Amino acid sequence: LEQADKQVRQLKQAYQEIALKLANEKVSSDQAASEKKSLEEAVQRMKTALCEQQSSLAISKERIVDLEHENQRAKQESNALKSYSSKAELKNRKLVAALAESKESFSHIENELEKRKRSENRRVVTTD
């Protein structure tokens, strides 16, 4: 009986050791599953963030292209305005030159009229 009792105790102890090992393995397995799930969730968050960044980058690239087109149009308008300004300045110079010429001609005509008037006045004074 003592022998059987001893064997029962040994079996109980072996059973407890096996149960403890299985429990530890289950904890390790559960922990590994939990870590795997956490890693999968982190990977999913990273994928989502990457998609958002790619979308934002695509929008930024489109905006850059739009701004480049806008800049090109502005440059073309600026060049057109510079050309118009140059033409207007040239026309203005011509008008100023024509005005000066007209003023000179007008002064000449005024002088001629003044001379004729004086000449007429002398004739009138001498005939009286």
Side-chain angles (χ1 to χ4, degrees):
L1 251 156
E2 268 184 47
Q3 189 69 16
D5 217 19
K6 189 176 178 183
Q7 283 181 344
V8 166
R9 270 184 279 158
Q10 285 176 346
L11 283 173
K12 278 183 179 178
Q13 187 177 357
Y15 174 79
Q16 286 175 347
E17 287 175 7
I18 291 171
L20 184 61
K21 280 184 183 179
L22 285 173
N24 284 340
E25 286 179 14
K26 174 137 176 60
V27 167
S28 293
S29 174
D30 288 348
Q31 190 175 9
S34 175
E35 287 177 13
K36 180 182 176 187
K37 185 177 180 184
S38 293
L39 287 172
E40 287 172 345
E41 288 171 352
V43 166
Q44 188 57 44
R45 284 192 302 273
M46 292 168 110
K47 283 181 180 179
T48 301
L50 180 62
C51 286
E52 289 171 357
Q53 287 177 345
Q54 287 173 335
S55 175
S56 178
L57 180 62
I59 291 169
S60 295
K61 284 181 179 179
E62 287 175 12
R63 183 68 180 135
I64 288 170
V65 168
D66 289 346
L67 288 173
E68 286 173 345
H69 288 146
E70 206 172 297
N71 188 30
Q72 191 61 35
R73 280 191 300 274
K75 283 180 181 178
Q76 289 171 346
E77 286 178 20
S78 174
N79 289 338
L81 288 172
K82 284 178 186 175
S83 174
Y84 176 79
S85 175
S86 294
K87 288 176 184 175
E89 194 174 313
L90 181 63
K91 191 173 187 178
N92 192 30
R93 277 194 228 123
K94 287 179 180 178
L95 288 172
V96 167
L99 179 63
E101 192 177 307
S102 294
K103 192 174 182 182
E104 188 178 314
S105 179
F106 182 73
S107 288
H108 181 69
I109 292 170
E110 269 186 328
N111 288 340
E112 283 297 315
L113 284 174
E114 190 63 34
K115 282 181 188 177
R116 285 183 188 173
K117 191 175 180 183
R118 276 187 261 144
S119 177
E120 280 295 317
N121 284 342
R122 278 188 219 133
R123 281 188 209 149
V124 169
V125 169
T126 55
T127 55
D128 285 342

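Quick caveat: nothing in here was measured; it's all calculated off a predicted structure.
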At what distance, to the nearest 0.5 angstrom, does [atom1] of [X] lie from [atom2] of [Y]?
X	Y	atom1	atom2	answer
His69	Ile64	NE2	CD1	12.5 Å
Asn111	Phe106	CG	CZ	10.5 Å
Leu95	Ser102	CG	OG	10.0 Å
Ile109	Glu104	CD1	CD	11.0 Å
Glu2	Arg9	CD	CZ	8.0 Å
Leu11	Ile18	CG	CD1	9.5 Å

Q: List in chain and number order the residues that pass side-chain hydrogen bond (donor to acceptor under 3.5 Å, both in side chains) with Gln3, two or more places apart in sequence or in another chain; answer none if no residue qualifies.
A: none
Less than 3.5 Å apart, which donor and acceptor atoms pair up between the side chains of residues 36-53 and the rest of the protein, not counting sequence neighbours?
from  : atom 1 : to    : atom 2 : distance (Å)
Ser38 : OG     : Ser34 : O      : 3.2
Thr48 : OG1    : Gln44 : O      : 2.9

**Q.** Candidate pair Gln10 and Lys6, rule side-chain contact (heavy atoms from CB on, under 4.5 Å), full reasoning
**A.** CA-CA 6 Å; Gln10 285 176 346; Lys6 189 176 178 183; 4.0 Å; yes
Q: Determine which pairs satisfy side chain to side chain donor-acceptor pair (under 3.5 Å) with at least one residue from residues 70-92, sequence neighbours left out, and list them in order.
A: Glu89-Arg93
Q. Is the CD atom of Gln13 crowded by more than 12 outside heavy atoms at less than 6.0 Å?
A.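 Atom CD in Gln13 is not packed in, count stays at 12 or less.
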Q. Quick check: are there more than 12 heavy atoms from other residues, nucleotides or ligands sitting under 6.0 Å from CD of Glu110?
A.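 Enclosed: over 12 neighbouring heavy atoms sit under 6.0 Å from CD of Glu110.
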